[in-house]
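Predicted model, so just to flag it, every value in this text is computed and none were measured. Proteins come first, then strands; the chains are lettered A, B, ... in the order of their sequence lines, and each starts at number 1.
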4 protein chains.
Amino acid sequence: MLSNNWAVCNFFLGRRRKILTTKREVPASVKDEKLIQKRRDQMIKGAVKLFINKGFHRSTTREIAKAAGFSIGTLYEYIRKKEDVLYLVCDAIYDQVQERLQEVIDTDRGNIESLREAVRAYFKVMDEMQDEVLVMYQEAKSLTKDALPYVLEKELDMVAMFQKVIEGCVRNKELMLNEQEIKLVSHNIFVQGQMWAFRRWILRKLYTLEEYTELQINQLLYGVQGRKE
Amino acid sequence: MLSNNWAVCNFFLGRRRKILTTKREVPASVKDEKLIQKRRDQMIKGAVKLFINKGFHRSTTREIAKAAGFSIGTLYEYIRKKEDVLYLVCDAIYDQVQERLQEVIDTDRGNIESLREAVRAYFKVMDEMQDEVLVMYQEAKSLTKDALPYVLEKELDMVAMFQKVIEGCVRNKELMLNEQEIKLVSHNIFVQGQMWAFRRWILRKLYTLEEYTELQINQLLYGVQGRKE
Amino acid sequence: MLSNNWAVCNFFLGRRRKILTTKREVPASVKDEKLIQKRRDQMIKGAVKLFINKGFHRSTTREIAKAAGFSIGTLYEYIRKKEDVLYLVCDAIYDQVQERLQEVIDTDRGNIESLREAVRAYFKVMDEMQDEVLVMYQEAKSLTKDALPYVLEKELDMVAMFQKVIEGCVRNKELMLNEQEIKLVSHNIFVQGQMWAFRRWILRKLYTLEEYTELQINQLLYGVQGRKE
Amino acid sequence: MLSNNWAVCNFFLGRRRKILTTKREVPASVKDEKLIQKRRDQMIKGAVKLFINKGFHRSTTREIAKAAGFSIGTLYEYIRKKEDVLYLVCDAIYDQVQERLQEVIDTDRGNIESLREAVRAYFKVMDEMQDEVLVMYQEAKSLTKDALPYVLEKELDMVAMFQKVIEGCVRNKELMLNEQEIKLVSHNIFVQGQMWAFRRWILRKLYTLEEYTELQINQLLYGVQGRKE
DNA sequence: GATGAATGAGCGTTCATTCAT
DNA sequence: AATGAATGAACGCTCATTCAT
């Protein structure tokens with residue numbers, strides 16, 4: 001139940017610094033950790049392709065196994081339930097996004113240029129990982145009660161990256177924003193990046209990625225009235 | 001297939017002014033139009049509740065019938081396929097949103113105050129219809145190839161409302177924006193409204209609706225730097 | 001159950017002269033006998049068309065009602081069960097065949113020419129009523145336990161017509177056959193007539209109706225060796 | 001649609017020597033060919049019993065599975081649709097009939113005695129396989145458009161066996177028949193064999209198998225007038 | 001550790017039949 | 001007498017999951 005999900009999330013997220021520090025474990029029957037990693041990589045790779053085309057609910061476990069390159073029996077040696085696949089997929093996608101961002105975003109420079117660069121980098125990643133983002137985006141709600149908080153926490157971690165960049169600017173007096181405003185802007189940036197993926201059916205017709213990026217950055221910095229005259 | 005869906009959408013939306021002017025009809029076996037309306041209203045009401053809790057895929061046709069207050073046989077007198085319920089639900093929600101907006105938004109005044117009001121009104125509707133918006137938002141991807149364009153068109157109609165308000169401001173020199181910028185801002189407003197619904201798990205903790213609204217409007221108008229000093 | 005059907009048939013047919021002299025009644029809710037006849041005629045006409053195309057089991061009561069030109073509710077004013085339609089249809093087809101035969105077959109002349117004529121007339125009727133015969137033929141097995149004997153009795157009545165013609169020939173010494181042989185030949189003629197309908201997929205390619213008729217008559221009269229040299 | 005079926009059949013049969021040489025494959029999910037054969041044998045055995053009693057349409061897939069000795073899920077590992085069962089059953093029955101005939105019929109001797117023997121053997125098989133023949137006979141029409149030609153071709157193969165025997169007699173001047181006549185007689189024999197099965201409700205009362213056989217052979221050879229003398 | 005045959009609960013859907021109007 | 005909306009048992013079929021090999 002979604003509404004229950006939110007309740008559960010709130011519960012967890014409220015104290016997340018305490019409990020959610022480690023990954024949620026999906027138990028496997030197989031012992032060899034190396035093998036588990038290898039098989040799950042195969043699985044995730046296949047499943048993402050599948051989910052992009054048919055969504056999670058319309059993909060069968062058999063199809064997932066096949067796409068992964070092994071049998072249905074083997075699939076169940078590495079997961080307990082179909083929903084574990086979804087969690088593993090979502091988890092992997094977020095990790096990938098985050099990893100790529102951490103490579104290119106400098107959260108410590110604390111000037112407007114670093115904010116511009118962060119947004120550009122983020123939008124670029126979202127563009128390159130469009131399909132994956134879409135999957136995450138559309139299927140996250142199918143995650144079970146206990147898996148969802150782990151994924152939401154990763155979202156917050158990403159939002160926190162932008163927040164950190166902006167806080168740097170504020171600290172250096174490049175921007176004048178209170179905490180509420182900082183958080184809102186961070187969330188806006190985050191959503192606008194996703195938006196490029198989940199509204200691509202219309203945005204792609206109106207803008208190239210570069211146009212979209214620069215327009216959003218300008219709007220972010222100056223608003224619609226800041227440039228009025 | 002999602003990716004195909006997009007192709008289809010693009011195809012339809014490309015020429016939408018010509019083909020998509022009328023509603024997509026869902027055929028019913030029952031002839032009495034009044035009755036059809038009544039039963040479908042029951043159905044939609046029940047289905048929304050269900051979809052909020054379990055999502056479309058996890059809701060069974062029997063549950064939908066029960067929630068609507070009639071038997072499974074009767075359900076199928078008013079739809080052909082389970083997916084028709086989803087279309088009917090999405091369609092109804094959008095109609096409702098749009099209707100409520102048209103009541104309160106004045107697209108002709110053409111000043112900044114009217115833009116503020118439009119955004120406030122829109123965010124208020126999105127707040128009041130949180131559950132419905134969430135359903136639409138999360139389940140739209142499960143719509144069939146042929147139903148999706150109808151729903152997307154409605155989205156564009158709503159975006160167009162904001163666009164019209166902004167164009168008014170531009171015409172009256174209250175704002176200086178080119179067409180690309182106008183469109184982007186319209187989409188941003190639209191998405192930020194939805195965002196209040198689909199990210200409520202975090203936003204509700206940070207802001208009241210009023211705070212969220214005013215912060216977003218200010219960010220929209222002045223950007224983060226327009227107010228720098 | 002078919003096997004039970006046979007048992008039941010045997011039971012009934014064994015004493016048929018006593019019990020099966022009247023038509024099996026299909027009760028109607030409506031009182032007006034004239035109307036019953038009219039509505040059932042509509043029904044049979046529509047149903048035959050339907051059964052030709054889709055068979056009994058694949059035709060729904062709604063389709064039957066529609067094909068008859070009235071509502072499903074009305075249909076059930078004139079029958080009790082769907083299977084009644086099948087009985088009514090089979091019954092009507094046999095009546096029609098028999099009526100047409102009685103018009104043209106002279107069972108009293110008692111010469112070989114009258115036998116030839118009877119066969120020719122019968123085959124002609126079977127040719128003209130191909131579709132109906134096929135329906136009867138293929139759907140009779142779906143008749144209920146209690147309806148089947150009535151239809152089988154009609155078959156025997158038709159076989160008896162040929163038997164009568166042949167008995168006339170024997171009485172006049174035009175043929176030398178004992179009773180067993182007479183009956184077999186009668187059944188053969190009957191089946192060969194049906195055969196033209198139910199094996200038309202191949203026979204039509206090999207013969208015209210006239211060729212088929214004359215070849216069968218010759219084979220009937222002279223065998224394959226009677227003409228050996 | 002039955003009428004369409006015939007059209008399709010004609011189409012296929014017209015060129016059958018070219019296309020229909022191989023069996024129609026019914027795909028199975030299971031890979032082990034041996035197992036497929038075993039399970040399908042179970043299935044066919046159970047289904048024949050069921051179809052004899054209730055007909056194809058009145059037998060449910062669950063009943064078929066149960067009669068076969070496994071679960072509904074397993075049934076569908078070996079077929080795709082319920083209709084596949086019917087095809088498999090019809091196909092198996094024909095194969096069985098044909099196999100038994102090929103064991104006993106000598107198509108090369110080319111004398112009248114061999115024709116007598118062929119007919120006797122055929123009628124005996126039809127007697128022993130009464131139930132199966134009845135099923136084939138009554139349910140063949142429920143076969144799908146694409147399955148029917150395969151079954152009809154098998155019929156023609158059997159007719160061709162009699163044709164071959166008769167052609168031998170003609171070649172050896174034991175009989176004087178043109179091709180049209182040969183074909184007709186072959187079809188007659190074939191139908192008269194089936195007739196013993198599908199008209200057993202009356203024929204059994206009039207004749208033993210032996211009487212029926214000898215009477216038909218005599219009628220075949222000498223006609224009703226050849227012996228008039 | 002890998003396989004894939006087996007299972008059966010449960011799904012979407014149909015349709016003969018009823019009955020209030 | 002005629003209608004057609006309502007019903008729900010029962011159908012064909014799917015698929016997540018298990019477990020013997």
D:K23/D:D95 ion pair, N-O < 4.0 Å: yes
Sugar-phosphate only, base, or nothing, as touched by C:R39 at under 4.0 Å among non-hydrogen atoms: sugar-phosphate
Along DNA chain F (nearest heavy atom to each residue), the more 5'-positioned of D:E83 and A:G73: D:E83
B:Y78 side chain near F:dA5 phosphate (N/O to OP1/OP2, under 4.0 Å): no
Short side-chain N/O contact to F:dG12 OP1/OP2 from D:K81, under 4.0 Å: no
Short N-O contact, D:E83 and C:R58, less than 4.0 angstrom: yes
Distance in angstrom units between B:I64 CD1 and E:dC11 C1', rounded: 12 Å
Whole-Å distance separating the NZ atom of D:K66 from the P atom of E:dT7: 14 Å
D:Y137 ring center near C:Y137 ring center (under 6.0 Å): yes
For atom NZ of C:K34 and atom P of F:dA1, their distance in whole Å: 15 Å
F:dC13 OP1/OP2 closer than 4.0 Å to side-chain N/O of D:K82: no
Length of the line joining B:I79:CD1 and E:dG12:P, which is rounded to integer Å: 10 Å
C:R62 side-chain proximity, nearest of F:dA6, E:dG1, F:dC13: F:dA6
Sugar-phosphate only, base, or nothing, as touched by A:T74 at under 4.0 Å among non-hydrogen atoms: base
Reported CE-to-CD1 distance for the pair C:M43 and C:I36, which is rounded to 0.5 angstrom: 11.0 Å
Test: C:K82 cationic atom under 6.0 Å from C:F56 six-membered ring centre, within 45° of axis: yes
Between E:dC11 (P) and B:L75 (CG): distance, integer Å: 14 Å
Toward the 5' end of DNA chain E, by each residue's nearest nucleotide, B:E77 or A:G69: A:G69
Closest to the B:I72 side chain, choosing from E:dA6, E:dT14, E:dG12: E:dT14
Check ion pair C:E77-C:R39 (N to O, under 4.0 angstrom): no
Side chain of A:F70 - closest among E:dT3, F:dA1, E:dT13: E:dT3
Integer-rounded Å distance: E:dA6 C1' and D:K38 NZ: 12 Å
Distance below 4.0 Å between A:Y76 side-chain N/O and F:dT17 OP1 or OP2: yes
Sugar-phosphate only, base, or nothing, as touched by A:T61 at under 4.0 Å among non-hydrogen atoms: base
C:H57 NE2 to F:dC11 P, straight-line distance once rounded to whole Å: 12 Å
C:L35 side-chain proximity, nearest of E:dT7, F:dA1, E:dT13: F:dA1
Toward the 5' end of DNA chain F, by each residue's nearest nucleotide, A:S59 or C:K31: C:K31
Residue mapping more 5' on DNA chain E - nearest nucleotide basis, A:S29 or B:F56: A:S29
Whole-Å distance separating the CG atom of A:L50 from the C1' atom of F:dC15: 14 Å
Base partner of E:dA20, which must satisfy Watson-Crick or wobble distances under 3.5 Å: F:dT3
Partner nucleotide of F:dG8 by Watson-Crick or wobble geometry (both distances under 3.5 Å): E:dC15
